[in-house]
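For the single chain, residues carry numbers from 1 onward in sequence order. Both counts, for ligands and for their atoms, begin at 1 and track the order of listing.
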Amino acid sequence: MEDRDEKGWVSQIQSFSVNDGEGIRTTIFLSGCPLRCKWCSNPETWNLKGGTLMSVKQVMDRVKRDVIFFRESGGGVTFSGGEATSQPEFLGALVDSLYHMGIGTAMETSGYFSWEEVASIVEKLDFIFADIKHMDGEKHKTFTGMDNRIILENIKRIGELKKQAVIRIPFIKGINDDKENIKATAKFVKEYVKEGKIEILPYHNLGEHKYRDLGLEKYINIYGTPSKQEIEAAKQIIVAEGVKTINY
Ligand code: SF4
């Protein structure tokens, strides 16, 4: 099959990722994100037309170099961002090309996307990582700029498709680390994502220099890094609700 001729903006392509799914993976960070999480460590991905404009063929040529590692390790390609679905036609064309080559695909998403635009792509993916940043709609809006309704609806639909899914909680002290929120997240996953697991991603202050380089100083927020005990306590709450936890 010929690769389609769509073009899209790519923030970065990273080979040999081991934290974004099974095996050795190539992670494609697509540009654009509708959210503005106060703890975001990738502000360089916010701009829809940031990074490098690439054709599907250019991305595929880059990915093909890594195929041998996918085959040996059970890996594949993970789409990330920004928000991986911000350029749905480009993402769809890339997923189609990978699908026809038999390369495994995963997507990391904030869950904030139009289901109608993205459903046919989701159906072809092998694995989905979706964030639940806060179960409280008001707090979600305060901390990310967007309400969580669309996100929770999309995660329910992913659950209905019985996709392999991991729900990620970016775990930030004083923002979403309280027992009530962790418990509510676990209950939601238990009800709507039957085989879903939860991964806790502890906050690390890694992005500060990027904000300075981009002239985005006014968006810098520094939070405390959660301790091992705090992370363990959250995991116990999740397990007590009957949901498995996982760490990549
Ligand atoms: S969804 Fe991800 S990329 Fe977008 S603002 Fe939030 S943390 Fe940053």
Atom indices of ligand 1 within 4.0 angstrom of W46 heavy atoms, with elements: 5 (S), 8 (Fe)
Top protein contact for atom 6 (Fe) of ligand 1, by heavy-atom distance: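 It is C37 SG, 2.3 Å.
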Lys/Arg N to Asp/Glu carboxylate O, R65 vs D61, below 4.0 Å: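 Between D61 and R65 there is no salt bridge, as every charged N stays at least 4.0 Å from the carboxylate O atoms.
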NZ/NE/NH1/NH2 to OD/OE distance under 4.0 Å, K156 and E160: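 No, no charged N to carboxylate O under 4.0 Å.
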N/O/S from C33 sitting under 2.8 Å away from atom 6 (Fe) of ligand 1: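 Short answer: no, not a single N, O or S atom is under the cut-off.
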Contact partition for K133 relative to ligand 1, non-hydrogen atoms under 4.0 Å: side chain
Close approach of N42 to ligand 1, heavy atoms, under 4.0 angstrom: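 Judged by the 4.0 Å heavy-atom criterion, N42 does not count as contacting ligand 1.
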Aromatic ring pairing W115/F113, orientation class (parallel under 30°, perpendicular over 60°, tilted between):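 Judged by the thresholds at 30° and 60°, the geometry between W115 and F113 is parallel.
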Geometric class of the H134/F143 ring pair [parallel <30°, tilted 30-60°, perpendicular >60°]: parallel
C40 near atom 8 (Fe) of ligand 1 via N/O/S, less than 2.8 Å: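 Here the distance criterion (N, O or S atom, under 2.8 Å) is met by C40, so yes.
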Derivation and outcome, side chain to side chain donor-acceptor pair (under 3.5 Å), residues E83 and S86: CA-CA 6 Å; E83 168 47 43; S86 290; 5.7 Å; no
